[in-house]
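Each chain gets a letter, A, B and so on, in the order its sequence line appears, and its residues count up from 1.
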Amino acid sequence: MTTALLELRQISVSFDGFMALRDLNLSLQPGELRAVIGPNGAGKTTFLDVITGKLRPTAGDVLFKGRSLLNKPEHRIARLGIGRKFQSPRVFENLTVEENLALAVSHPKRPWPLLSAGLSAVERDRIAHLMGIVSLQQRAHQVAGSLSHGQKQWLEIAMLVGQSPDLLLVDEPVAGLTDEETDLTADLLKSLVGDHTVLVIDHDMEFIRRLESQVSVLHQGHVLCEGSMDQIQSDPRVIEVYLGRNEEAA
Amino acid sequence: MQLLLESLFNGVAIGSVLLVAALGLAIVFGLMGVINLAHGELIMLGAYTTYVVQLIFKLPALQPVYNAYVLVAIPLAFIVSGVVGILLERTVIRRLYGNPLETLLATWGVSLILQQFVRSVPLAYAAGLVLALVLGFSLPIILPDKLLEGPRARLVRAGSWLVSALAGVLLAGGLASQISRIARATSRNVDVTAPKWMRGGIELSGMTFPVPRLVIIVITILAVLGITWFLNRSVWGMRIRAVTQNRSMSDCLGISTDTVDVLTFGIGSGLAGIAGVAVSLLGSVGPNVGTSYIVGCFMVVVLGGVGNLFGTVLASFAIGVLTDLIGAGRLLSIWPSMPAPLASVVDFFATTSMAQVMVFALIVVFLQFRPAGLFPQRGRMVEA
Amino acid sequence: MLKAFQQRRWPLVIVWVLIIAAIVAAPAVVSGFGLNLLGRFLSLSIVALGIDLIWGFTGLLSLGQGIFFALGGYAAAMYLQLNSSSDEPNGIPEFFGLYGVDQLPGFWQPFHSPWFTLIAIWLIPALLAALLGNLVFRNRIKGVYFSILTQAALLVFFNFFNGQQKLINGTNGLKTDVTELFGQQVGSALMQRGFFWLTAVMVILAWLAVRWVVRGRFGEVLIAIRDDEPRLRFAGYNPTLFKTIVFAMAGGLAGIGGALYTVQSGIVSPQYMTVPFSIDMVIWVAVGGRGTLIGAILGALVINLARSQISTFWPEGWLFILGGLFILVVTALPEGVVGWWQAGGPRNLLTRLGVARRIGTYPRLEMDGKEEVQS
C-alpha cells in the first residue's frame, strides 16, 4: 500500500451531526485514471474538499506520497502537487485568458519573486501550448469574464493542467459542454494519464464510459463498490442506489 | 459581593444600550447582508424625535400628561426612523444588494446628508416632512382598493400625496409657531429632560439603581422579546427568514421579496429609532450622537456572529461588562492586592476611552480563535 | 523619453513636460496659501494611491488608513519637536511641562535621529499594517468584516492618542510650524516651497512604485485575489501573504503622505484619525476611479480642492455634496470618472443612461457563506 499516490483512510466528515462522509477508504496508484460517481448528496464534492484542505475531516487521515495532508493549508497542498477543478468553472474573471494561465503555470508563487520576475520563455511556450489545446489562442487577451460557459470550463481545465500537478482532481468537467467538447475533454484527460494521476467526478455516464477507467461508486458518504464500468452497471447494489428507493438518478 | 453586583448592573446597563442600538443593525446585516453605516443617524433621528415629542408635551394643553411622553416617543421614534429607513432602502440600498462594500459607502453618504440635514433644517419643518412622508406612504395602503384601482386611480394617488403634503405643512407651521426652540435650525446639542418619575434611583439592599438605566434595560428586553417573537412566530417573520435562506425559491413560492426587503429594513431602522429614545435619556442629543455608537454596534455584530440574535445579546453584555470592569478600574477594587506592574497596567486602561482600546484588543484576540464570532453560521452550503 | 519619441508616444511626453513645468512653476504662480493647500492635497493623493492599491486592485476596503497617515505625521512631528527643543527646560518639548513631565518618554528617544525618523515615517505604519492585516487575513476574515475591524482599530488609535497627554500631548497634537529644520522655521515660506516640491516628487515616485507593483505579475495575483480568493489558494498561492504585503505597502504610503501633510499643515493631532476622514479617503479613490492610479491622484486633488472652495462660500452645503457624491458614485458611476472615461464612457453616456443594474438575489452573501463553513 505504500506505493499509493493518494490514500484516504477511514475519512469521516460530519456537518452538525449529518455524516457527509463516513469511513471512506480510497487509494489511487500513480498514473491511474479513476472516475467517481454517485447520486446527489453522496459526498463527492465534500470528498474533494477534504483532499484539497478546504475541509478538515472529523476523523481519518489523508496521505499523499506517504505524507499526511491534514492541517496543511490549501496552497501548500496545491504546491505539493494536487490540482483541482471546481464544479462550476471558477476562473479569474478580470484577468485575460493568458494571465489566467500565467497564474497557473508560473513557477514562483511567492510574492517577492513575483514582484520583479517576468515569464520565462519556457512558461510562455507552455501557455501558448495550453491555449492551443483548448483552442483559446484567439481569445488570449480577452478577459475571462467574457468567455462562454464552455470556454470557461476549458480554460479552467487548461489552468489545472498548466499547474502540472501530480494529481488532478476534476469535478464535473463536462457540465454544460456540447457532445463534441465532451469527447475532446475525455481525450484530453486520457492523454494526461501515465504522467499524471487523474480523478474525475461526474454524473455523465457516457463520459465516464469513454474514460475507460476504474470507477468508484460513492453512496451516503462511503465507497459502495469499485470496478470497471460494466461491472459497476451490473452490480445489484448500484442499481438499487440509482434506481431503487433513491430516485435521484444521475 | 455588593461590588460585584454593582459592576454587573453597570455592565448590563452599558450592554443594554449597545444591544438596543445594535439590534436593528444585526437584523439588517444578518438577514439582508447590508452594512448600514447610516444606522447611527437613524438612532440620532429617534433621539431627536424624543426631543420634539418632549417639547410638544410641554405645551399647556398636554402638560397634565407630560410624564407619559416617553411612552409616546417610543412608537413615534420607531415610525420616524423606520420610514426614513424604508425610503433609504427603496432609493439607494435596493440597487446595491449583493455588494456589501458599495452599500457601506452609499450609506455613509446618507449618514453625512442626514447629519447635515438636522443641522440645516429646523426640527419643526423636519417633523412636517416626516409626517408628510409617513402619510404619503401609508395612505395608499389604508385606502380601500376600489379607490386605488378605479378609473381615477392616478387622481386618488396624487390626491393622497397632496393631503399628506398639506398635513406636513400644517404640522411644521404649527410646531414652528408654538415652540420657538425648534423653529430655527441649530447644530448645537439639545437636552431631553427626563420626566419626574425617571429621575433619581431605586434603593435596593444598600445599592442605588438609576431609573433611566432601568428604563433602558426594560426597553431593551421588550425590544428583543418583540423582535424574537416577530421573526420566529409571525407569518411575516417566517417569510423574512425564508427569503434570507433562499431568495429565488421564496420568490417562486409567491412571497413578495420586495415587501420582505422593505419590511426587514423598516423594522431594523425602526429599532434604531427606539435605540434613539434610550440614547436621548442618557445624555445630550446632537447631530453626531449616532456616530459615537456605530463602531460599538459593529463590534457587537462581529463578536456575536451574523444572523444570530442570541449571539448579539451575549456579545452586547460581554462588551458592556468588560468595558465597565476595565474602564471604571473595578478590577483593582475587586482584587486590591494585585501585583504592582499589573496594577499599573490596569490603572492605565481605567478610563472609558482606554477601556475601548482594551476591549477592541480582546475582540481581535478572540477572533483569532473564533473568526466567525460567538455563534457562526453553520451548515452544509452548496457550492454555487 | 527618447524611447517614447521613437514609439510616437509624443502626447505622453508633452503631458509629462507640462506636469513638470507646472510643478516647477507653481510657487511662482500660486499664492503662498494656495501653494500650501496644493501641497497638502498632493500628499493626500499619496494616501489615495495606497488605498487604490488595496481596494481598487485587491478588493480590501480599509476604513482605517487614518491610523497610518497619522503615525507618519506623528513620526515627523516628534523629530521636529525634539530638534527644536534644546532651549526648552529639560531639553524636551515644551508641552511636557504642562503635564509635569520632566523626562522624555522612552519611545521618543530614537526620534532624535533624522535618519531613524526618515525610515520610521513609512516603516512604522507599514509594520503596524502588516501586523493588523495579518491578524485579520490569516483567519480569512474578509469583505465587510475587514472594513469594520479597520474602522474599529481607527477608533482605538484615536482614543489612545487622544487620551495620552503625558506621552504625546493628547488631543492638542504636536505642532510643527514653529519648529526648526536646517536652521529655518518649518512654517516659513521658503521651507513650505521646498516641501511642496518634495511632495510633488514623492507623488510621482509613489505613482511609479505602485504602477510597478500592479503592472507586473504580482498585480495579476492581486486582481485574482479580488476576483476569487479561495480559488487562488488551490492554484498554490497564499493570498494571506499577498494581502498582508499590499496592506503594509498602503500603510507605508499613508505614512509618507501623513508626514508630508503634517509639515505643510503645521500640526498633527488625533483629528487625523477620526472616522469620517478615513472614509473620505475612500471616496477620493472611488470618484477618481478605483483600479486607475491617475484616478486616485486626481480624485484626491479635485475633491479636496472642491471642499476647500465650497466650504468657504457655502459651508453648510459641503456635507450634502459629499454625501450625494458617495451615493452617486456607488450607484451610478462605480468605475469612477477616470475608469468611466477609459471605458469609453462619454460615448456610451446616452446608452448608459437609464440602464439599471438589477440583481435578483444577494449573491455575495451566498458566496461568502460558502467560505464561512470552514471554521
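- Within the 4.5 Å cutoff, the side chain of C/Ile148 has heavy atoms near those of the B/Met299 side chain.
- Contacts of B/Arg239 classified as side chain to side chain contact (heavy atoms under 4.5 Å, CB included), with partners at least two apart in sequence or in another chain: B/Val235, B/Trp236, B/Ile255, B/Val260.
- When heavy atoms are compared at a cutoff of 4.5 Å, B/Ile113 approaches chain C by way of both its backbone and its side chain.
- For a residue to count as touching a neighbouring chain, one of its non-hydrogen atoms must lie under 4.5 Å from one of that chain's; by this rule B/Val364 touches chain C with the side chain only.
- The distance between the ring centers of C/Phe160 and B/Phe349 does not fall below 6.0 angstrom.
- Rounded to the nearest 0.5 angstrom, B/Leu104 CG and C/Ser147 OG are separated by 5.5 Å.
- Within the 4.5 angstrom heavy-atom criterion, no atom of B/Ile294 approaches chain C.
- Summarising the geometry, atom CD1 belonging to C/Ile327 is positioned 10.5 Å from atom CZ belonging to B/Arg95; distances are rounded to the nearest 0.5 Å.
- Taking every heavy atom of both residues into account, C/Asn159 and B/Met354 meet most closely at O-SD, 4.4 Å.
- Contact of the B/Arg119 side chain with the C/Leu319 side chain is registered, since non-hydrogen atoms from C-beta on lie closer than 4.5 Å.
- Closest non-hydrogen pair, C/Ala152 versus B/Phe360, comes out as CB-CE1, 3.4 Å.
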Stepwise side-chain contact (heavy atoms from CB on, under 4.5 Å) check, B/Phe29 with C/Val144: CA-CA 10 Å; B/Phe29 185 39; C/Val144 278; 3.9 Å; yes
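- Interface residues of residues 274-284 of chain C toward chain B, defined by a heavy-atom distance below 4.5 Å and sorted by number: C/Val275, C/Pro276, C/Ile279, C/Asp280, C/Val282.
- From C/Gln151, atom CD reaches atom CD1 of B/Ile35 across 9.5 Å, with rounding to the nearest 0.5 Å.
- Using cut-offs of 30° and 60° on the angle between ring planes, the pair C/Phe326 and B/Trp108 is perpendicular.
- Distance check: C/Thr331 OG1 to B/Arg94 CZ gives 12.0 Å after rounding to the nearest 0.5 Å.
- For C/Trp318, no part sits under 4.5 Å from any heavy atom of chain B, backbone or side chain.
- B/Leu101 CG to C/Trp55 CH2: the interatomic distance, rounded to the nearest 0.5 Å, is 8.0 Å.
- Both the backbone and the side chain of C/Leu135 come within contact range of chain B, with heavy atoms under 4.5 Å apart.
- Of the atoms belonging to B/Leu105, heavy atoms from both backbone and side chain fall under 4.5 Å from chain C.
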